[in-house]
Asker: 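Have a look at this one.
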Amino acid sequence: MIALKKWFKIIALFFTALILFQSCATYKTPVTLEQAANTEKAVKIITVDNDTYKYKYIVYEDGQFYGVKDNPGEDVKFPIDTEEAANLLMKNGGIPWWAWTLIGAALIGIIFLIVKATYGGPELNWSG
């Protein structure tokens, strides 16, 4: 029984880590304002004064770049000063939800096989 509690603790820690890693986002890919406006992905702008601004995406309208932030119910556009923007970093995509589902299912299967090999259990009769 004590060993079984140990396995449950390991499984709980694994799923906790899975949830935490799923929510991680990184801004690694350096891009230009034009590239950011064409892709419409999340962007982080670092200014020459070392200020950081995060936008949902960038748009180009009437000769001006705008950073779009999500405000409850509507998107709000903020003008971007091209002279002030030192670095633009685009958000990298993480692992899709279906990949996490497959990883979780595979892990549950592996844990089941380890527990079965360790503690035994009734033999399964597949022949019917």
Side-chain angles (χ1 to χ4, degrees):
M1 187 67 175
I2 294 173
L4 193 57
K5 285 183 181 180
K6 180 182 173 184
W7 280 107
F8 284 138
K9 186 176 181 180
I10 291 171
I11 293 170
L13 287 173
F14 170 77
F15 282 116
T16 302
L18 236 147
I19 290 169
L20 290 175
F21 286 130
Q22 184 177 9
S23 63
C24 290
T26 58
Y27 293 87
K28 288 187 179 177
T29 310
V31 294
T32 63
L33 278 168
E34 292 81 11
Q35 290 171 328
N38 289 335
T39 58
E40 290 194 5
K41 284 187 177 180
V43 174
K44 178 166 69 170
I45 297 177
I46 301 171
T47 65
V48 292
D49 299 329
N50 231 12
D51 293 330
T52 301
Y53 300 99
K54 292 182 181 178
Y55 297 107
K56 186 176 171 184
Y57 58 90
I58 304 289
V59 294
Y60 183 74
E61 293 177 355
D62 302 324
Q64 173 72 40
F65 288 101
Y66 294 94
V68 179
K69 287 193 175 192
D70 192 19
N71 201 21
E74 64 178 318
D75 288 343
V76 180
K77 292 189 257 182
F78 296 92
I80 297 173
D81 184 6
T82 56
E83 303 295 322
E84 289 288 318
N87 290 326
L88 273 83
L89 301 172
M90 188 175 296
K91 186 176 183 179
N92 288 351
I95 297 177
W97 66 269
W98 55 267
W100 284 110
T101 305
L102 290 176
I103 291 169
L107 184 70
I108 290 172
I110 290 168
I111 291 172
F112 175 76
L113 291 175
I114 291 171
V115 170
K116 181 150 174 59
T118 304
Y119 299 107
E123 293 297 321
L124 297 175
N125 184 2
W126 297 99
S127 62

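Numbering of residues begins at 1 and proceeds along the displayed sequence.
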Asker: In Å, rounded to the nearest 0.5 Å, how long is the span from CD of Gln64 to CG of Asp81?
Answerer: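 The distance works out to 8.0 Å.
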
Asker: Kindly indicate whether the side chain of Phe78, heavy atoms from C-beta on, has any atom under 4.5 Å from the side chain of Val76.
Answerer: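 In short, these two side chains touch, coming nearer than 4.5 Å.
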
Asker: In Å and rounded to the nearest 0.5 Å, what is the CG to NZ distance from Asp70 to Lys54?
Answerer: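 The NZ atom of Lys54 is 14.5 Å from CG of Asp70, to the nearest 0.5 Å.
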
Asker: To check you understand the geometry: which heavy-atom pair defines the closest contact between Ala85 and Leu88, and what is its length?
Answerer: CB-CD1, 3.9 Å

Asker: Specify the closest pair of heavy atoms between Phe65 and Leu33, including all atoms of both residues, with the distance to one decimal.
Answerer: CE2-O, 3.6 Å

Asker: Is Ile58 close to Ile45 at the side-chain level, that is, under 4.5 Å between some pair of heavy atoms?
Answerer: yes

Asker: Please report the shortest heavy-atom distance between Met90 and Gln35, naming the atom on each side.
Answerer: CE-O, 4.4 Å

Asker: Quick check on Glu83: does its CD atom have over 12 non-hydrogen neighbours (other residues, nucleotides or ligands) under 6.0 Å away?
Answerer: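 No, the 6.0 Å shell around CD holds no more than 12 heavy atoms from other groups.
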
Asker: Are the side chains of Leu89 and Val31 in contact, using a 4.5 Å heavy-atom criterion?
Answerer: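 In short, these two side chains do not touch, never coming nearer than 4.5 Å.
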
Asker: When rounded to the nearest 0.5 angstrom, what distance separates CD in Glu84 from CD1 in Ile46?
Answerer: 13.5 Å

Asker: Would you say that more than 12 heavy atoms from the other residues, nucleotides or ligands in this model lie under 6.0 Å from the CG of Asn50, or not?
Answerer: no

Asker: Looking at every heavy atom in both Val59 and Tyr57, which two are closest together, and how far apart are they?
Answerer: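 Residues Val59 and Tyr57, closest heavy atoms: CG1-CE1, 3.4 Å.
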
Asker: I'd like to know if Val68 and Tyr60 are part of one continuous hydrophobic network [Ile/Leu/Val/Met/Phe/Trp/Tyr, side-chain heavy atoms within less than 4.5 Å].
Answerer: no

Asker: Using the rule side chain to side chain contact (heavy atoms under 4.5 Å, CB included), only one of Lys69, Lys41, Lys77 pairs with Tyr55; which is it?
Answerer: Lys69

